[in-house]
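The block underneath contains the structure these notes are about, expressed in structure tokens.
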Amino acid sequence: MTRTRKTGLIFFPAFDWAISPTHPEREERLLYTQDQVFEEGLLDFDNIIEYKPGLATAEDINRVHICVPDARGVITESHLISAGGAITAADKVLSGEVDNAFALVRPPGHHAMLVVHGARGFCNINIEAVMIGYIRKHYGAKRIAVIDTDCHHGDGTQDIFWNDPNTLCLSIHQDGRTLYPGTGFHEEFGGPNAMGATINIPLPPRTSEDGFLYILEHAIQPIINDFKPDLIINSAGQDNHYTDPITNMRFTAQGYAMLNERLNPDIAVLEGGYSIEGALPYVNVGIILAMAGLDFSHVKEPDYNPASLRESDDLKRTIEREAEQIYKLWKNRDALREKVVGQAKYVKRRKRIYYDTDGISEQQEETVRVCSDCGGLVMIDSVADTGNRIYAVILSAGTCPECRHDGEEFFALTNPGRYQYVYFQDRDQDIFLVK
Amino acid sequence: MILGIDVGGTHTDAVLIEDFQVKRKTKVLTNEANLLDSLLAVTTELFRDEDPQKLERVVLSTTLSTNAVVQNKIDRVGMLIVSGPGLSPADLPIQRDVHFLSGAVNHRGVETATIDPEEIGRTADGLQREGIRHVGIVGKFSTRNPQQETRIRDLINDHLRHVSLGHRMSGHLNFPRRIATTYLNAAIWERYQKFVKQILYFVKEQGITVPLYILKADGGTFDINRSVDFPVQTILSGPAASIMGILSMVDFAEDAIALDIGGTTTDIAIFADGVPLLEPFGIHIEGHKTLIRGLRTRSIGVGGDSCVRFVDGGLTIGPEREGPAAAFGGPFPTPTDAMIVLGLTDIGDAGKATAAIEPIAAAMNASLEAAARAIFDRTCEKIVRHVRAFIEEINNEPVYTIHELLEGKVLKPTAMYIVGGPAEPMSARLGELMGCPASLPRNAEVANAVGAALARTTAEMTILADTERRTLTIAEEGLQLTVSPRFTLAEAIAIAKERLRERALDMGAKERDLEIEVIECQEFNMVREYYTAGKNIRVKVQVKPGLISTLR
Ligand SMILES: [Zn+2]
Ligand SMILES: [Zn+2]
Ligand SMILES: [Zn+2]
């Protein structure tokens, strides 16, 4: 017998917004989900409360993103509403008005990275990250675990919190060798001061209910137990579904509901999921019922057939091995840091980022000050083929005096010239400067 | 000349209206056991020196259906449910005599599982064995495709008195509410149709041959003959009558508040641009959440007879009523007593009122006058607080488009209309607190009967066109048509308006009162495999609640 919980639902289908008329991210996307949610009468349950989304502000975005040239320049109203919806969810949970909340909003955000030159993977700004920035500003420092169950690697969320030891970014997704964005491997393990706070669990195509739940039980939950977060956030993408047109997994509405029941997130935020008729209506009803502690055992796709979705023995063994390896990796995070970082004072990494939605290429060099007292100081030099080149100095939440001193100095000394813009993002004191 | 009758729980009010003026009015005690007695009494009184031949129409508002539900005077109903996947059966509203049948329809109206005639036959036999003769048939998404409901009806219909079909109750999506609504409709059908027969006999006896209308919960009327199959629509028509009454007595087209201040409760209603707001899904009655289209009201536990106490250093007003005001022999001080002490009204026994307020003044360590003032102010403030919260709630209702979120209508009432016993002494203070002028409609004591008399016929219609499937479904009519793949939103709106017009005329509307408005119209590109496969078009139209026009 499950206990019912008070669940906040922020439903915003943006029926008047699309990337383009035939794009998967179009007006129709949540139409049948709305039909199903209404027809099931979910909003009539006393413990399911619907809220109107608030509007996020440029200030909210600037806490976690470096937008080029500025926040207003890379977004539309729709992004302020979907990020605002996530923020409303957080407010309702953290103020104690509800036990948990689901932001069933679009457009999504988990492929939007720290620097934003344009849209990639249907995302302009990272709505979970904006929400986390807001939570820390208004509700104090928190250890937060983001569990990304979208079928695509949550590369944007990973990038934004790469150097933040207090945000666990754990993504499970279809193996990057077989799917966009082509990343999300074990080696991506967090920056020098936050090793282990990024965890990637690539799963083979055709993984189904048993596989996901196995990984949850044998890798995700043990890691969460060790990390001890104050808040668990689920990036609840629904494109692992067996009917999804752009992926190759075999997850189900029952599976999503069970995963949600066991993970028990404080806040869930919709990400991808493009089987708008065959999957989303059922998956979303399953997730809402699971969050509210109601019986979801009758939520099934009309063509649901567990036998045809069963994993092969080979696949099962691959998944078992994956769980074992990941947990071992996590346990070894400190030793690994010794080995990788050693005595280095600064660690650099170079990245090429492609914005598939907008067709922009970016080259980035990130320099991190190694620090045992905080997430360190991060400096980014980014050039995009739009012609924009920018420099950004970023202080993480809980930054130490030395990192702060160095960061402020770097910002003071770097002058526009070869850079169009120089940014200073102080996540500790909530300061954002541009010159 | 129009005859309006409101059969309320306590009183039956009746008015004769000529040229939009109340010509005669009367009030008798309602005889619950025999409603016809009350009807006879008021009509005899009104027509004493009037010519019944001058009547143009008769409108009746009755608590019969409401009372049947509240007092549980209902029939046993066999519920045949086609649930399909989704919510657990244990979470559905009706649990007794429920039979779950095979079959399923999805959100687009596609049949995803078939019904089983043998299973239906067995179920029908079971109903017969149990002696159940009233049945409700409800399918999930039956408003998107009613065929399974109608086929089941055709298979079981033999020995039954009445069958209510879910899709005919409302075009809105909400399966649990559809079940509750269909259940209530079937449960009160027998009693209601008997009442209609009696009424028809009664008017014939009286020599009345003009159309006879019944008031619905949405403040609209329908022809009594059309009401027989949908008695559920007449539940909670009482509050609707009073709101329509206020609308008829004052002429306004702005956002406004209506208050009906009674002894125990105050009812709040809101008008947007002069049109009363409807409940977003449907009304609630006795724990049933329904799809019955109804005017949106909020009842709060404060009224003229609310019990006043001074506890823990503070005044409390209500929510309970322990009897009449002390001035009328009640056991506790009430806001009415405070108003008597303040000289705002001269009803009742002023000595008893003073005696009741005195202990409160002593406890407050204040003068009698100050204590009465405090009670009066707290009462007004409490009402205004609830009004503000109600408006806030309406303004915060979720919307689903960027346009509505950023530019949607925000209610800003600029007038307040108050009826009920303490309306006069309280109106000035309430208006002051609310920041808008408050006024008292004339003939307020018969507002319900006037509201019923002057209400127009209302109806709603929901259309879903799916050009990929080439279907057009009109839920309320149980109709499915074929459309061309190039069918457009404009065509859908035109069909919706025309069909609604026919429907409303059929329900007794007059052509001149058909103020039809589009309340929802959406069009979605349906894209499959990156190609546009068709359009999903959704249109909802209604005849707005309002007054018949000849009289304006
Ligand atoms: Zn993921
Ligand atoms: Zn995805
Ligand atoms: Zn540091």
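Just so we're on the same page: letters track the sequence lines, and every chain starts at 1.
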Does the side chain of B:Thr401 reach to within under 4.5 Å of the side chain of A:Phe12, using non-hydrogen atoms? no
Distance in Å, A:Gln36 CD paired with B:Leu173 CG, rounded so as to fall on 0.5 Å steps: 9.5 Å
State, yes or no, whether a side-chain contact exists between B:Arg144 and A:Glu39 at a heavy-atom distance under 4.5 Å. no
Could you state the interatomic distance from OG1 (B:Thr532) to CZ (A:Arg26), rounded to the nearest 0.5 Å? 8.0 Å
If I compare all heavy atoms of A:Pro53 with all of B:Leu405, which pair ends up nearest, and what's the gap? O-CD1, 4.1 Å
Would you compute the distance between atom CG of A:Leu43 and atom CG of B:Asn174 and round it to the nearest 0.5 angstrom? 8.5 Å
Residue pair B:Asn525 / A:Thr22, side-chain heavy-atom distance below 4.5 Å: no
From the list B:Arg178, B:His172, B:His403, B:Lys140, the residue making the most non-hydrogen contacts under 4.5 Å with chain A is B:Lys140
With respect to chain B, which residue among A:Leu31, A:Ile276, A:Leu80, A:Asp303 yields the maximal number of heavy-atom pairs within a distance under 4.5 Å? A:Leu31
Does the gap between the ring centers of A:Phe11 and B:Tyr400 come in under 6.0 Å? yes
Taking everything shown except A:Arg72 itself, do over 12 heavy atoms lie less than 6.0 Å from its CZ? no
Look at atom CD of A:Glu59 and say whether more than 12 heavy atoms of other residues, nucleotides or ligands are closer to it than 6.0 Å. no
What part of A:Gln34 gets within 4.5 angstrom of chain B, counting heavy atoms only: side chain, backbone, both, or neither? side chain
Flag side-chain contact, heavy atom, 4.5 Å: B:Leu406 against A:Leu55: yes
Verify side chain to side chain contact (heavy atoms under 4.5 Å, CB included) between A:Glu301 and B:Thr112, making sure each step is shown before the conclusion. CA-CA 10 Å; A:Glu301 303 80 351; B:Thr112 54; over 6 Å; no
Residue B:Lys289 versus chain A: region with a heavy atom under 4.5 Å: side chain
Quick one: which of A:Ile81, A:Val285, A:Leu30 has the most heavy-atom pairs under 4.5 Å with chain B, could you say? A:Ile81
Quick check for you: to the nearest 0.5 Å, what is the distance between A:Glu27 atom CD and B:Gln522 atom CD? 10.5 Å
Can you give each donor-acceptor pair under 3.5 Å made by side-chain atoms of residues 79-93 of chain B, sequence neighbours left out, with the distance rounded to 0.1 Å?
{"residue": "B:Ser88", "atom": "OG", "partner": "A:Asp295", "partner atom": "OD2", "Å": "3.3"}
{"residue": "B:Ser88", "atom": "OG", "partner": "B:Ala90", "partner atom": "N", "Å": "3.1"}

Per-residue contact mode, B:Phe175 against chain A (heavy atom under 4.5 angstrom): both
For a quick test of reading the model, state the closest non-hydrogen atom pair linking A:Glu77 to B:Ile402 and the distance between them. CB-CG2, 4.0 Å
Considering only heavy atoms from C-beta outward, does the side chain of A:Asp35 approach that of B:Phe141 to under 4.5 Å? yes
Quick check: are there more than 12 heavy atoms from other residues, nucleotides or ligands sitting under 6.0 Å from NZ of B:Lys412? no
When the 4.5 angstrom heavy-atom criterion is applied to B:Glu397 and chain A, the contacting part is backbone
When A:Val299, A:Asp44, A:Ile10 are compared by non-hydrogen pairs under 4.5 Å with chain B, the top option: A:Asp44
CZ-CZ distance between A:Phe15 and B:Phe524, expressed to the nearest 0.5 angstrom: 4.5 Å
Where does A:Pro13 contact chain B at under 4.5 Å (heavy atoms): side chain, backbone, both or neither? both
Basic-acidic side-chain contact under 4.0 Å: B:Lys535, A:Glu28: no
Please work out which of the three classes, parallel, tilted or perpendicular, describes the rings of B:His107 and A:Tyr282, given edges at 30° and 60°. tilted
Report which part of A:Ser297 has an atom under 4.5 Å of a heavy atom belonging to chain B: side chain, backbone, both, or neither. neither
